[in-house]
Amino acid sequence: MTNTVPPTEEILLAETGSDRAPRRTSALSYLLSKLGGAAVSMAMVILLGFFAFKVLPGDPVAGIARERQLSPEQIAQLRTQMGLDKPLWQQFVDYIVNVFTLNFGESYVYRKPVGELIGDYFWNTILLTGTSAVLAIALGLWLGQKAGWRPGSLFDRITSGMALVLWSVPTFWLALILLMVFGGTLQWFPTGGMTSPDPPTDPLALVLDVAAHMVLPVITMVAVVYAQYVMVMRASLMEEKSADYLVTARAKGLRDDLVRRRHAVPNALLPAVTLMFLHIGGLIAGAVTVETVFSWPGLGKLTFEAISGPDLPLLQGTFVVFSAVIIATNLVADLIYRRLDPRVRRG
Amino acid sequence: MPDLRFEDVSITYRTAGGGVRGEIAAVRGVDLTLPAGGTLGIAGESGSGKSTLAMSVLRLLPGNAQLTGRVMVGDTDVTELSFGELRALRWADASIVFQGAMHSLNPVRTVGQQILEALELHVADGWKTEAARRERVTELLRAVDLPPLKADSYPHELSGGQKQRIMIAMALACEPEIIIADEPTTALDVIVQQQILEMISRLVTERGISLLMISHDLSVLASACRRIAIMRGGEVVEVGDALEVCTRGQHPYTRQLADAFPTIGDPASRRNPVTRRTRSDAASDPQQSPMTDEVLLEARGLSVTFHSRTKSARAVKDVDLVVRRGEILALVGQSGSGKTTLARTLVGLQQPDPGSVVRFRGRDLPRKGKGLRAFRKEVQMVLQDPTAALNPKLSVYESVAEGLRVQHYRGDERERVAQGLTDAELTPPEDFFTAIPQELSGGQRQRTVIAGALAVGPQLLVADEPVASLDASARGEILGLLLSLRDRLGLSALVITHDLGLAWNIADTVAVMYEGVIVEYGPTEQVLLRPQHEYTRQLLSAAPTIQRAIA
Amino acid sequence: MSEHVASRSPRAMAWARRRTAFARFAREFSRSRSGMVGLVFLVVIVTLAFLAPILAPAWMLDVTKVMDSPRFAPPSWEHPLGTDHQGRELWVRMLWGAQVSLLVGFAATAMSMIIGTIVGIAAGHFTGIPGALLMRLIDFFLVLPSLILAIVLSTVLSRGVWTIVIAIGLTSWAGTARVVRSQTLSVESRDYVERSRVLGAGHWHIIVKHLLPAVLPLVLANTTLTVGSAIISESTLAFLGLGDTTLQSWGAVLRNSMDVSAATSGYWWYVLVPGIAIVLVVLAFTLVGRAVETIVNPTLRSR
Amino acid sequence: TDTAPTVVSAEATATPEADATTFRIATSGFVDTFNPFVSIYLLPTNTIRYVYEYLVQNSAEDGSPTKGLADDWEVEDDGMTWVYTLQDDLLWSDDEPITSADVVYTYEQMMTVPELSVANGNLVSNFESVEAPDDKTVIIRLKTPQAPNPGTEVPIVPKHIWEEIDDPADYANDADVVGSGPYVLESYSPNQSITLRANPNFWQGAPKVDRIQYVYYTNSDAQVQALRAGEVDFVAGLTPTQFQALEGVEGITAHSGEGRRYHSISINVGTVTRDGQPYGTGNEALKDVKVRQALRQGTDTETLLERVMEGRATLATSFIPASFPKWALPADDEAIMAYDPEAAMATLDEAGWTVGASGIREKDGAPLQLRLLVDADDIIEQSISEYFVPWMQEIGVGITVESTDGDTISDRAVKADYDMYFSGWSVNPDPDYQLGINLCSTLPTGTDGSGGTSQDGYCNPEFDAMYAEQRSELDEEARQQIVHDMLVMNYTDTAQIATWYPNSLEAYRSDRFTGFTLQPAEGGIIASQAGYWGFLTVEPVSAEAQADEGGVPTGLIVTGVIVGVLVIGGIVFVLLRRRKMADVE
Ligand SMILES: Nc1ncnc2c1ncn2[C@@H]1O[C@H](COP(=O)(O)OP(=O)(O)OP(=O)(O)O)[C@@H](O)[C@H]1O
Ligand SMILES: Nc1ncnc2c1ncn2[C@@H]1O[C@H](COP(=O)(O)OP(=O)(O)OP(=O)(O)O)[C@@H](O)[C@H]1O
Ligand SMILES: [Mg+2]
Ligand SMILES: [Mg+2]
């Protein structure tokens, strides 16, 4: 659920392998079919977004009234303001309208349009997960191809071993330990947030400030996620390693590392790309816990708060946006794949 | 110019997994010499160590291989070279055309780039500059009869024959002194095969290159090499002059290889494949066919079109065909001509285009339910590849019994299975019950598939390339079985092949297919001895024979 | 092969063959050092979990019975893994917690595997609209942020082990389905399935006789790996406050340690013990899973 | 250091002066809005206390009414009319004078515009009219006489600002706020920080720190770490464990104050609607007061206090916290029942519940099996239930613990779908409201629990009568006596088991700040007061202590990281380049 099992990659590789069978289609129809698939998924997400959350228990007003001195009139007033007194179908219609206006209604807790809230937080999350994803992918690919080239070597054993151990660590636990050690005890890094309470005005100083705040969360996410990429790339390269064209390359007198870099890696990248993007979902799950622990003002933290709200419109909003991000990245993966593999491209 | 010498070369593979195989002695004590400017062919059964030996020349063996002995290129022992020296030797002194060109080219780089790469690595006077190198690529492509534009193609955009030529061009790129060609023509149809062989011979003579060629097909080697070595089980069992080896082989295996080639027009091999079995008495006269006039299966105006998202292709066009009771019909034709598609349509696995007529015993093919099952009882198909057609997890018994269970056979299943295996000459059947496919040889697998089909008791057997994947000795066994079954059980058969010799071996009638159309159809003798259609003639002339090669 | 077995029935022979296949599997597995380490560790943990009621009687978890024992006692001979905020022995909680965590791990995995296998085979086997719909469904579940979905599920259903099992199971099957589907497709394209059709077989026969046996090894390998991630998921749900706090699971222990801020307060053992236990068990499952996978999927063997 | 500009300009926000002192508070609170008419969450309402002065403030000493905007006040007509006189020379933070018109405006908005009554409408529901005969006098006329001062708890807003706003209910009021309290809200960035700035026009003089800043930390451990690291100066809401760990840390003072909250186990007494229709799923057995009393006698709250709260609370007697000694029910009152399992069993026997085979008591074949809802997010509730279950088992009562989330509990509490659940309130210095939500008239009107605000579903006509009496009793001592009797009655009826009044556990950087005012003065709290005293008097310890503020050694680290990233990036770039060049060669 939170983590997609990395070692199944090898099995999945078999599949992407079959995907790679020569299959020429025009760029347009390829794009259209991928877009169509994404659109169907998105429509399903939007429907699920309403019905799944509608069944959530808990009336936000009841929660408020349990803690605060309110008269029945005040409670009724609150319910009206939150639109809770409307019939279900009306709420559904509102929701659909809201989704298409990228608005998602008004957050119960923040009393702001959800779209606006998400807009405020979206880029923070992208900054965090994006940085982590780039680092994790770069690290994973690099270590993975090195390890896969010489399976069983000391380097491979250390790399795979590390990756497997880190993969077995619950994200939030690692985050907490890092927070304790490097934030609280050693005080090397700030303990939370995205900037200092008074962010410096000098742009360079501001960048440094944000970077300092990013170190721990990024380390956490990279540590837990990069393992999957290592394993994908390693398996992929091992699969490629015995390919006949590598013998040809060697026979031509190429140096070993050139054989790897020029011939093996570009081919091994193909199945790896699809799989890596599939794991973006895992990264987002990580964002929820990591942002929560490190108080990173992003969508993950927003989601966490929406759960404890319960802030239904906000939850719907983050759910739809997260899903959309994953769907979009998968679409990108398909397109990248097409660029990388001449066999899928039109001849 | 250096010569190539193998001196007491032995190569063993260590296999980690399973332990079933453990150490494999792939090559054992081989001594061979390829003199400078000479040609040497190596033939032998599959798995006899031919490729392994070839790879040892450039030290390309995988890590789990261990080599003893010496591999001499001129005065240098390849096994003792430093890595740098070895890299310099590779391709510049000796190059290889690998078995299976399909996989020997990097799928994500253009073939031009791949040839260029070799030139860049071994810069010589002829191609010092970038422009000169490009020029040389063009020149090389011309040498192998390819338009220079093809340099910008990716491997998947080329046909098998074209890829094979790219490999040859690449091998020639750095003007090596020795070329090793490992099965350069397998998987090509006879016409392309002939072109490639001719080209290699031409290049070798023109440029004075030494050639080491590997094949399991004696006739192929005979047409390109002056000397031939025969390998079996990792050892060289015979070396000698090509003619000598082909016609007067000393070793029994050599003779077996040579004999397995039927000669079209030779009455001795007509309806008489080389086999260890003695044929039953019923058909003591091989010239006589038990064919009747009763029509079993009939196709009229049969067309099949494959639709994909962007285009549609007609694989079978307007075919008329009749199979009579007791008839063996051979369907021949080049690869991709639609033979398999036609067969699949005839047994109802593929939907024909509207308007096509397929009748079994005068009735349209049933599509589902009881009718379909009853039809399956009467018509069985043996698929192209026996290895793929058997579930690797099921034993021979279960595979054969599968049809009986599906058909709700009421009798004694065990007895029937045993009978099926016996019919297919897997005797005693009990010995094979528990075997799983990987424990069987190719021929045994093929016979298991046939036994499974026969156990159901069909009237018509459609066999798709029943022997294509087998080496010479095994194929005779299978063909013999078909004939004897026809004789004993009155079975009809439609046998698909791209090999005309096979048709001569067993068929009553031959249909020649070319690009989805049946271009020639008639009694075997008529079609093969007095071909009418241009394509049939081409096929006949391209079919390699030892006689022709030596002549 | 050549041994004479005519006296035995085909069924018995099939079993015998399976036995030898299993023996071979076991032999190969025993050769994988990391796989064996993982397996032995798991066996020990499972045994301990089963023996929990004997090794640590239930009263040791009753806070009213342990009022004399010190709270937050660091690990020592007397308190091997230290004590928690109510003076309970941590080793006792871990022992009982193993039961729940493993149960959740296995049950959620079983659920995910069953759904994944059924949907995967169906999506691969049936062509046309049903297959396409199922494939879309798989793709859809693959892109869903499953953590969020699991959160919703565990909030909607009343708290308890089975809720967690369902939440994890329902959100983790898509990966399996994808693997199974691709394997099904590749088997489906094999000639022996076609041969089976020629023999007159229907869907059921093909699925049960050919597809299922072919995908099961992969599913098995996937299973051990999924158990690990299910255990992590359980702890993540507990961390987010969505677990059943009346249960002793490792996630719940970890959650407790966070609730009382053990980490900030210097009670390191309270945080480390459950965390490391999770890491070790998940790692063990992963090692076993990889070893199994290497055997059932020979192309992975290092060449 | 008192140089803050009067009107906070945008530029000033961007560049805080170097020598400005900032007092940072860690928080994780929700913010709905800073609109005093609408805001209902704790953090913004607490912030608003610092921004807008009330007509009458709650005193720091004991929370009793004291000087706010009003200098003094008189009660006329037996509590029907209250006349307030404003202080002289009051100024808003934008230098406009504060007049009685502002007060009237504020009250009238709440009384006439439903959208603006959301937050504090209940406080003015007894108002007949509010008048301003002159600039300095406010007259509040009530519908019924009331003893509690009606001038408290309502933030008075500047009329000249709010009048201009088109839709006051939607006004976020979260930047450059004009106020009258010690601090005004300068800026708010959601989930990151809330910044308050000292108000030089505040009638008691500007506070000594220039700014208060709330900094967001989702996680309470992160808050503690931030305090240790010196990133924040003040943390509230600590767990007893955290508190203990912070005690004795250098530079940090951990402060445990008697709070104004109470905590209890609410019992379903057999919920009925206002017109007597039963609803909900409460166990029949709990309708018997004996059974409820037995539950209380079987609960060892003293042990709980020790083991669960580490003693950081005061044992509770009723729903009025001991920090309001005037009103609270004394612990030595004769009505108080001690922990006595024997007595509990006797009580149950008396009520006809006999011990069955499984050790659970039965009556007419029905077992005494009760459900207890526990918030999975609340370690205190969980811990209590871990003791409660075996104790109840001992007296023969079976307890099923249902662990779930807070929202579900609220939901089920409204629907009366429970036998017992944990409940708690923050209580105002005047007990009137808290007593009021125990009246029959606060029971729900619908059988789905709607229309009610009752604390525990308690209803006793005698109690109602006494409530009316105390409300109009202007003699405080007499009123105290009535309240005491009411609490005794409620205690004996056992609609809840009050467990304790938890201490508010706070910690601050005493190496940097000092001079906090507690409320109540004796053992009181700093944050979450019913007033603005806590941070009003805070002052920096010394100048140099301030200087190294934020001196986390991040600079070096950050530089290191950046250099590292650059190096890695460079290597990647070079590698890419090399491959590219190799490709074109
Ligand atoms: N990498 C390897 N590891 C282990 N065994 C191998 C390996 N490569 C080849 N073998 C085994 O070595 C033997 C010789 O193989 P080789 O490829 O040389 O045969 P071949 O004569 O070229 O056969 P073919 O005609 O089928 O190409 C075979 O038994 C084969 O199974
Ligand atoms: N399922 C399919 N979809 C689309 N095209 C197909 C399909 N199957 C076969 N074809 C095409 O139909 C043509 C005939 O194929 P078929 O397999 O019948 O040839 P064949 O004569 O059996 O060749 P071979 O000797 O190689 O087995 C080929 O061009 C092939 O690419
Ligand atoms: Mg070979
Ligand atoms: Mg074919």
Side-chain angles (χ1 to χ4, degrees), chain B residues 15-20 62-64 344 347-349 368 372-377 379-399 401-407 413-414 417-418 428-437 439-440 449 452-453 455-456 462, chain C residues 1-21 24-25 27-32 186-206 208-217 294-303:
Chain B
T15 50
V20 190
N64 63 340
R344 292 182 74 242
V347 298
L349 286 172
K368 52 166 84 101
L372 180 63
R373 202 183 298 147
F375 170 71
R376 295 266 187 254
K377 212 167 141 51
V379 180
Q380 278 295 315
M381 180 165 175
V382 173
L383 300 168
Q384 197 158 358
D385 175 3
T387 313
L390 289 176
N391 187 336
K393 293 202 171 56
L394 297 185
S395 66
V396 167
Y397 181 92
E398 282 161 300
S399 289
E402 185 177 5
L404 299 175
R405 291 180 188 163
V406 167
Q407 296 288 351
E413 178 185 285
R414 194 180 158 82
V417 171
E430 287 80 6
D431 279 2
F432 291 91
F433 278 1
T434 55
I436 50 175
E439 298 167 346
L440 300 176
V449 176
V456 180
V462 178
Chain C
M1 180 198 103
S2 50
E3 75 182 286
H4 211 69
V5 280
S7 52
R8 282 196 276 152
S9 74
R11 189 168 294 266
M13 290 185 309
W15 274 113
R17 205 183 60 250
R18 267 171 221 146
R19 252 201 312 282
T20 46
R24 189 163 60 230
F25 173 83
R27 211 166 42 242
E28 286 191 29
F29 186 90
S30 66
R31 243 181 250 128
S32 151
S186 85
V187 172
E188 191 81 18
S189 70
R190 300 271 165 79
D191 283 351
Y192 62 80
V193 175
E194 179 123 295
R195 171 176 174 268
S196 206
R197 271 201 198 105
V198 173
L199 292 170
H203 293 305
W204 183 247
H205 178 91
I206 290 176
V208 170
K209 271 283 168 188
H210 296 291
L211 300 182
L212 207 54
V215 301
L216 276 185
T294 321
I295 296 170
V296 298
N297 193 355
T299 54
L300 293 179
R301 258 177 232 151
S302 33
R303 284 160 284 220

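Of the listed residues B:Val456, B:Val417, B:Leu390, B:Val406, the one with more heavy-atom pairs under 4.5 angstrom with chain C than any other is B:Val406. Per-residue counts of heavy-atom pairs under 4.5 Å with chain C were compared for B:Val379, B:Leu383, B:Val347; the largest is that of B:Leu383.
The side-chain hydrogen bond (donor to acceptor under 3.5 Å, both in side chains) test applied to C:Ser196 returns B:Glu402, C:His210, not counting sequence neighbours.
Proximity to chain C is absent for every atom of B:Leu404, based on heavy atoms less than 4.5 angstrom apart. Looking at B:Leu372, there are no atoms closer than 4.5 Å to chain C (heavy atoms on both sides), in backbone or side chain.
A side-chain donor-acceptor contact under 3.5 Å links C:Arg195 to the backbone of B:Ser399.
Of the candidates B:Arg376, B:Gln380, B:Arg405, B:Arg373, C:Leu199 forms a side chain to side chain contact (heavy atoms under 4.5 Å, CB included) with just one, namely B:Gln380.
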